[in-house]
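Note on naming: letters A, B, ... go to the chains in the order of the sequence lines (proteins, then strands), and numbering restarts at 1 for each one.
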Amino acid sequence: MTVRTRFAPSPTGYLHIGGARTALYCWLEARHRGGEFILRIEDTDRERSTEAAVQAILDGMQWLQLGHDEGPYYQTLRMERYREVAEDLVRAGKAYYAYETKEELEALRAAQMAATIKPRYNGAYRERNEPMRDDPNRVIRFKNPQSGSVVFQDKVKGRIEWSNEELDDLVILRSDGFPTYNFAVVVDDIDMKISDVIRGDDHVNNTPRQINIYNALNATAPNFAHLPMILGADGQKLSKRHGAVSVMQYRDDGFLPHALLNYLVRLGWSHGDQEIFSREQMVSLFDVADVNHSAARFDLEKLSWLNQQYLKNDDPETLVPHLQFHLDACGYDLSSGPAPADVIVALRERCRTLKELAEKAAVWYGPIASWDDAAVAKHLTTPTAVPALQAVHASLAALTEWKVEQVHSAIEAAAAAIGEGMGKVAQPLRVAMTGTQVSPAIDQTVYLAGQSRALARVEEALRRAGA
RNA sequence: GCUCCCUUCGUCUAGUGGCCUAGGACAUCGCCCUCUCACGGCGAGAACAGGGGUUCGAACCCCCUAGGGAGCGCCA
C-alpha cells in the first residue's frame, strides 16, 4: 500500500509555526517512504474560513517549498458526499436524526457541569428512530458504541486506550447540512486513501471517536501520529496574541526558508547530535516514529544561529534571490553599488538575518546616513588621522585597477608611508567609509564603496577632521 | 470536575538497565585570533521534577505525588 499523508489546515488564519512543522513532518514522512503528500483545505467552518487565509496558507507552503502531490482539495466542494455518507449511516442504523435546539443542549451541558459530571449528549433520540422531517434543528448524530474501549497504537505516543463510556453520540451532520470536523476528516481520509494521519496532539482526544466512525463505515483506520505542540519562548501556548506569527513573517524578518525548516525539524526530532540537515538528509533520516513526546519551546536565538550557518555556507549566488526581497524593502538603487553577491560575502559573518544584511549594506548604495560622534572623536581627531587619511587617499587615487587585493595593498602602503600600523589607518578610514567604527574588513569595505565614492568619503572625512 | 497526554542543563536535545563522575547544540561567561565588529578555535558554569519500589546495578522498568498541557461544541 502506498504511503499517503495529508496536511489539512483550516483556513481561519495564516500558516503559523506549528502548522508549518506539521506540514513539514507530513511531507517528510511521505517523501521518506516514497509516498504521496496531499493538501486538503478544511473549510467547513463558514463563520471563520476566508479566501485570504487559503491564499496565505498556499503562500506559506510555497515559500517553504513543501510541494504537494495532490490537491488542494476543498471540503466545501464535497458537501454532497458527506451528506450521502451520513444518510447511509442512518439507513444502516448507525446514526440517527436528533432535534434538540441549541438552547436545550446548552442547558443539558450546564446541568451536567453543575453536577460535576463530564458533559455529554444524553442520547435522547438514540433509540427513537425518528424519521427525517423538516426542522431547523435537525442534525444527524453518530451512534457511538456504549461499551468496550478503543485502542490504537499512536506512532509517537504509543498505545492509547479510550473507554467508549467517555464518548457520546456526536453530531456528524449539522442542521445547516455541513459536516462536523470529526466526520468530514474520516470521510475524506477514507476517500483520499490516507495511510498515515500526522497532526497536532490536540487531536488525540478526537481519535477514538474517529476510529469508531471508521469502524461504522467498515473502513480500516489509518496509522496515527500525534505531534506534541510548539510553545512560545515563554512556555505559553502560541496564539494570535501570543507570538503565533505567520511563517511569512519569518521571511520578512530575514530568515531563509530552509533555515526555518531545519530549525523546525529539530524541534521534536533529532538524529544523534546532528544540527544541520540538508533537505535530502531530512528526507532520508526522518521517521515520524522518532518524534519526541513532549512539547517544545520556540527559540528565536537558535533559529537565528541556524540562519547564519546557511548564510555563511551557501553559495552567495543562491542567496541573492532571497536577499532581493530585503534589498527592495530598503529601497536601494542597485546600479549605484556593488553586486548583491559581493555584499553577501562581505557581511554574512556578521549578520544573522538577510534583513540585517540588507540594512548594513546601506553604506554602499547611498550616502552615509549619519556620523557617529564617538567614532569621529575617537578616530578622526587623533594626531595620525589626517596624515593617515591623506596617505591612503593618495594611494587609493593612484590605483588603476579596483580590486580587493589592490585596495588592500594601497592601505598597507599608506600605513607604511606614515610609519604606523594597520590600525592607525584602518580605523580612521573605516569611519570615513561608514561614519561608524564598525564594518567588515577595511579592504572589503573600501572596495565595495567603489573608487570614486571611496575617495569622496576620505575627502569628506578630512574636512571633518579639520584638515 | 472527568478523560487522555507530557516531565534530562535557561532552551532544543542524546540517552531504550552497566559504555553516564549524563554527551552535543543554542544562549551565557572567560581566553586566543585580530584593522573594528564578527567568524573561528579553546575552555568554564549549567540538567535526569519529587518520593517509593524492582534489580547486583536505574535517567532508562513499575507505582504514587507534584507540576504542565490537551479535550469534554451543530470549531477545527
Side-chain angles (χ1 to χ4, degrees), chain A residues 8-12 42-45 47-49 75 98 100-102 105-106 109 112-121 137-141 154 157-158 160-163 165-168 170-182 184-185 199-208 226 228-229 231 233 235 237 263 266-276 292-306 308 312 347-352 360 375 379 411-412 415 421-431 434 436-443 445:
Chain A
S10 62
T12 54
E42 309 215 327
D43 52 357
T44 53
D45 182 346
E47 317 260 296
R48 301 193 299 157
S49 297
Q75 291 189 320
E100 283 92 351
T101 62
K102 290 184 183 179
L105 292 172
E106 202 118 326
R109 191 172 311 124
Q112 289 169 326
M113 291 285 247
T116 67
I117 57 174
K118 184 167 178 158
R120 305 179 339 154
Y121 175 60
N137 295 311
R138 186 189 72 220
V139 299
I140 294 182
R141 283 186 182 270
D154 192 277
K157 305 269 181 189
I160 293 178
E161 176 166 5
W162 213 285
S163 170
E165 289 171 25
E166 294 299 326
L167 277 19
D168 63 359
L170 71 158
V171 170
I172 57 178
L173 203 71
R174 299 185 250 190
S175 52
D176 62 4
F178 275 65
T180 55
Y181 168 74
N182 281 303
V185 239
R199 75 229 306 191
D201 71 2
D202 44 337
H203 289 289
V204 179
N205 311 276
N206 292 321
T207 307
H226 289 98
M229 60 189 302
L231 272 18
K237 181 186 179 182
Y263 177 70
R266 279 285 286 101
L267 209 55
W269 173 85
S270 63
H271 181 257
D273 291 335
Q274 190 171 342
E275 298 287 352
I276 309 286
N292 287 160
H293 297 186
S294 54
R297 295 192 193 201
F298 188 84
D299 181 10
L300 195 59
E301 289 294 335
K302 189 151 187 183
L303 202 213
S304 299
W305 172 78
L306 262 171
Q308 189 182 34
K312 285 195 324 179
L347 288 171
R348 61 180 171 180
E349 286 183 357
R350 25 214 131 217
C351 297
R352 303 208 293 181
K360 281 188 177 167
H379 298 294
I411 298 170
E412 277 186 334
M422 267 299 259
K424 286 285 194 267
V425 177
Q427 281 308 85
L429 186 52
R430 175 165 279 116
V431 176
T434 68
T436 74
Q437 24 188 345
V438 176
S439 87
I442 193 61
D443 49 4
T445 305

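Contact annotation: Arg109(A) does not reach the phosphate of C72(B) (side-chain N/O to OP1 or OP2, under 4.0 Å). Applying the 4.0 Å criterion to OP1 and OP2 of G40(B), one finds that Lys312(A) has a side-chain N or O inside that range. In terms of phosphate contacts, Arg266(A) brings no side-chain nitrogen or oxygen within less than 4.0 Å of OP1 or OP2 of A25(B). Between Ser270(A) and A14(B), a side-chain N or O to OP1/OP2 separation shorter than 4.0 Å is present. Proximity of Asn292(A) to the phosphate of A14(B): a side-chain N or O atom is located under 4.0 Å from OP1 or OP2. Look at Ser294(A) and you won't find any side-chain N or O under 4.0 angstrom from OP1 or OP2 of G69(B).
Picking from A76(B), A27(B), C2(B) the nucleotide with the shortest atom distance to the side chain of Asn206(A) gives A76(B). Which of A76(B), G71(B), C35(B) sits closest to the side chain of Ser10(A) comes down to A76(B). Checking U36(B), C74(B), C6(B) against every side-chain atom of Arg430(A), the shortest atom distance belongs to U36(B). In this structure, of C12(B), U36(B), C72(B), it is U36(B) that holds the atom nearest to the side chain of Arg350(A). Taking every side-chain heavy atom of Lys302(A) into account, G24(B) is the closest of C72(B), A70(B), G24(B). Listed candidates were U3(B), C6(B), C35(B). Nearest to the side chain of Asp443(A) is C35(B).
Going from the P atom of G24(B) to that of G51(B) covers 27 Å, rounded to whole Å.
One N or O donor and one acceptor, one from the side chain of Ser175(A) and one from the base of C74(B), sit under 3.5 Å apart. Residue-to-nucleotide contacts include a donor-acceptor pair under 3.5 Å from the side chain of Glu275(A) to the base of G24(B).
Side-chain contact between Asn137(A) and Ser175(A): absent, with no pair of heavy atoms (C-beta onward) separated by less than 4.5 Å. For the pair Asp299(A)/Tyr263(A), a side-chain contact is recorded, criterion being any heavy-atom separation below 4.5 Å from C-beta on. By the 4.5 Å heavy-atom criterion applied to side chains, Val171(A) and Tyr121(A) are not counted as neighbours.
Base contact: Leu105(A) has a heavy atom under 4.0 Å from a base atom. Residue Gly268(A) is in sugar-phosphate contact alone, with no base atom involved, counting any heavy-atom pair closer than 4.0 Å across all strands shown. As judged by a 4.0 angstrom heavy-atom cut-off over every strand, Arg348(A) is placed among residues making no nucleic acid contact. Base engagement by Gln437(A) is indicated by at least one non-hydrogen atom pair under 4.0 Å involving a base atom. Nucleic acid contact class of His379(A) (heavy atoms, under 4.0 Å, all strands): none. Among the protein residues, Arg199(A) comes within range of no part of the nucleic acid, since none of its heavy atoms lies under 4.0 Å from any strand. The residue Leu267(A) sits close only to the backbone: its heavy atoms come under 4.0 Å of sugar-phosphate atoms, none of a base. Within the nucleic acid shown, Thr180(A) comes within 4.0 Å of sugar-phosphate atoms alone, with no base atom in reach, counting heavy atoms only. As judged by a 4.0 angstrom heavy-atom cut-off over every strand, Val171(A) is placed among residues touching the sugar-phosphate backbone only. Contact annotation for Pro440(A): base contact, defined as any heavy-atom pair under 4.0 Å involving a base atom. Within 4.0 Å (heavy atoms only), Arg297(A) reaches sugar-phosphate atoms of the nucleic acid but no base atom. Using a 4.0 Å heavy-atom cutoff across all strands shown, Met113(A) reaches no nucleic acid atom at all. In this structure, Ser163(A) reaches neither bases nor backbone, as no heavy-atom distance under 4.0 Å exists between it and the strands shown. Among the heavy atoms of the strands lying under 4.0 Å from Ala441(A) is at least one base atom, whether or not backbone atoms are also near.
Place Asp273(A) and Tyr263(A) on RNA chain B by their nearest nucleotides, and Tyr263(A) ends up nearer the 5' end. Residue whose closest nucleotide on RNA chain B sits further toward the 5' end, between Ala233(A) and Pro119(A): Ala233(A).
One can place CD1 of Ile117(A) at 21 Å from P of G71(B), the figure rounded to the nearest angstrom. Taking atom NE2 of residue His226(A) and atom P of nucleotide C4(B), one finds them 16 Å apart after rounding to whole Å. When rounded to the nearest whole Å, the span between CG of Asp201(A) and P of U7(B) equals 11 Å.
Between atom NE2 of residue His293(A) and atom NZ of residue Lys157(A) there is a gap of 7.5 Å, rounded to the nearest 0.5 Å.
In this structure, Arg266(A) contributes its side chain and Trp269(A) its backbone to a donor-acceptor pair below 3.5 Å.
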Could you check Leu306(A) against Ile276(A) for side-chain contact (heavy atoms from CB on, under 4.5 Å), going step by step and ending with a plain yes or no? CA-CA 8 Å; Leu306(A) 262 171; Ile276(A) 309 286; 3.5 Å; yes
